[in-house]
Amino acid sequence: MDMENVKQIFRDAGTAISRAVQFTEEKLGKAEKTEQDPNFEQLVTFCDNTKQNTETILKNMEFILNSNPGMRVENLFFLDKKKSGLSSSEYLGIAMTEAGNDFGPDTAYGSALIKVGNIQQTLGLNQREFIKSANDCFVNPMNKYLETDMKTVVKERSLLEKRRQIHIINNCYA
């Protein structure tokens with residue numbers, strides 16, 4: 001190793017130690033943190049709130065769309081249900097319609113079962129369409145936003161913080 005490499009290693013080590021000392025002093029309250037531009041602070045706060053709210057909304061929407069994990073497990077065991085892709089409401093509607101036809105469509109009870117069964121089937125179909133649409137138009141774009149744009153923002157913010165610390169250190173030795 002030549003002398004220039006050794007000097008560079010000592011400079012890098014000194015910089016790393018200075019960063020650690022500055023960071024520790026800031027966290028312990030012994031040193032004042034470098035004030036940042038108020039507009040930048042507002043953007044940081046907005047970014048944090050956006051990320052937190054987006055994650056909360058996404059979790060709640062996914063819970064609504066996949067609200068019954070027991071039913072998903074049950075569908076694994078009943079392959080005929082899984083293949084058809086019908087929702088629970090549709091199965092209920094089919095069962096009610098069949099029961100109504102068994103009782104007879106001309107009886108009050110049979111007629112009521114058929115009407116309610118048809119409505120249940122329509123509700124189930126609408127529910128399936130809603131879930132598909134919500135996943136395609138809401139959940140997937142939100143996940144993509146969190147995985148791409150928000151990761152970039154967090155990474156850039158971290159880079160800015162590191163550069164701020166380097167700037168502090170450089171000003172200390174200047």
Side-chain angles (χ1 to χ4, degrees), residues 1-77 81-90 122-174:
M1 252 191 212
D2 63 354
M3 192 53 125
E4 195 58 41
N5 286 343
V6 172
K7 287 180 183 178
Q8 184 62 40
I9 290 171
F10 280 118
R11 273 189 240 126
D12 291 345
T15 301
I17 291 170
S18 296
R19 282 186 202 160
V21 169
Q22 176 71 26
F23 180 75
T24 304
E25 288 177 349
E26 286 178 1
K27 291 297 179 186
L28 294 175
K30 292 183 179 180
E32 287 187 31
K33 191 172 182 178
T34 306
E35 292 298 319
Q36 296 176 348
D37 181 38
N39 290 333
F40 179 74
E41 290 292 333
Q42 286 178 336
L43 284 173
V44 168
T45 303
F46 178 76
C47 174
D48 290 342
N49 289 340
T50 302
K51 183 176 188 252
Q52 182 181 1
N53 289 330
T54 302
E55 288 171 344
T56 302
I57 290 169
L58 183 60
K59 285 177 187 175
N60 286 321
M61 187 62 165
E62 286 175 336
F63 178 76
I64 288 171
L65 298 177
N66 301 318
S67 62
N68 190 351
M71 188 58 107
R72 290 192 303 266
V73 171
E74 182 181 328
N75 286 343
L76 291 175
F77 293 109
K81 284 186 178 183
K82 187 175 181 193
K83 287 180 184 175
S84 66
L86 296 177
S87 70
S88 301
S89 296
E90 288 174 292
T122 303
L123 285 172
L125 177 63
N126 289 337
Q127 180 185 20
R128 263 192 309 130
E129 289 173 354
F130 169 73
I131 289 171
K132 183 183 180 330
S133 175
N135 276 316
D136 292 344
C137 300
F138 186 80
V139 173
N140 294 339
M142 287 281 214
N143 275 326
K144 186 177 179 184
Y145 167 74
L146 286 173
E147 291 170 3
T148 56
D149 297 340
M150 192 50 70
K151 278 188 180 178
T152 302
V153 169
V154 169
K155 180 178 157 186
E156 293 296 327
R157 201 168 114 204
S158 173
L159 208 101
L160 279 173
E161 183 64 24
K162 287 178 186 174
R163 288 194 176 151
R164 181 191 69 82
Q165 290 175 355
I166 290 171
H167 181 69
I168 291 170
I169 293 167
N170 289 338
N171 285 340
C172 290
Y173 291 114

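Keep in mind the model is a prediction, meaning the values are calculated, not measured. Below, each value reflects all heavy atoms present in this structure, side chains not excepted, and no hydrogens, waters or symmetry copies.
Between Met150 and Cys47, the shortest heavy-atom contact is SD-SG, 3.8 Å. Here the shortest heavy-atom pairing between Ser89 and Gly124 reads CB-CA, 3.6 Å.
Every residue was checked against the side-chain hydrogen bond (donor to acceptor under 3.5 Å, both in side chains) condition with Asn53, not counting sequence neighbours, and none meets it. Every residue was checked against the side-chain contact (heavy atoms from CB on, under 4.5 Å) condition with Leu43, not counting sequence neighbours, and none meets it. Listed by chain and residue number, Arg11, Asp12 satisfy the side-chain hydrogen bond (donor to acceptor under 3.5 Å, both in side chains) test with Gln8 (two or more places apart in sequence, or in another chain). Ile17 is linked by a side-chain contact (heavy atoms from CB on, under 4.5 Å) to Val21, counting only residues two or more places apart in sequence or in another chain.
The structure places CD of Gln127 at 10.0 Å from CG of Leu125, a figure rounded to the nearest 0.5 Å.
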Return all side-chain donor-acceptor pairs below 3.5 angstrom for residues 132-142, not counting sequence neighbours, or 'none' if the list is empty.
from   : atom 1 : to     : atom 2 : distance (Å)
Lys132 : NZ     : Asp136 : OD2    : 2.8
Asn135 : ND2    : Ile131 : O      : 3.2
Asn140 : ND2    : Asn135 : O      : 3.1

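Side chains of Lys51 and Val153 form no contact here, defined as non-hydrogen atoms less than 4.5 Å apart.
For the salt bridge (charged side-chain N to carboxylate O under 4.0 Å, His left out) condition, the pairs that include at least one residue of residues 146-159, sequence neighbours left out, are Asp48-Arg157.
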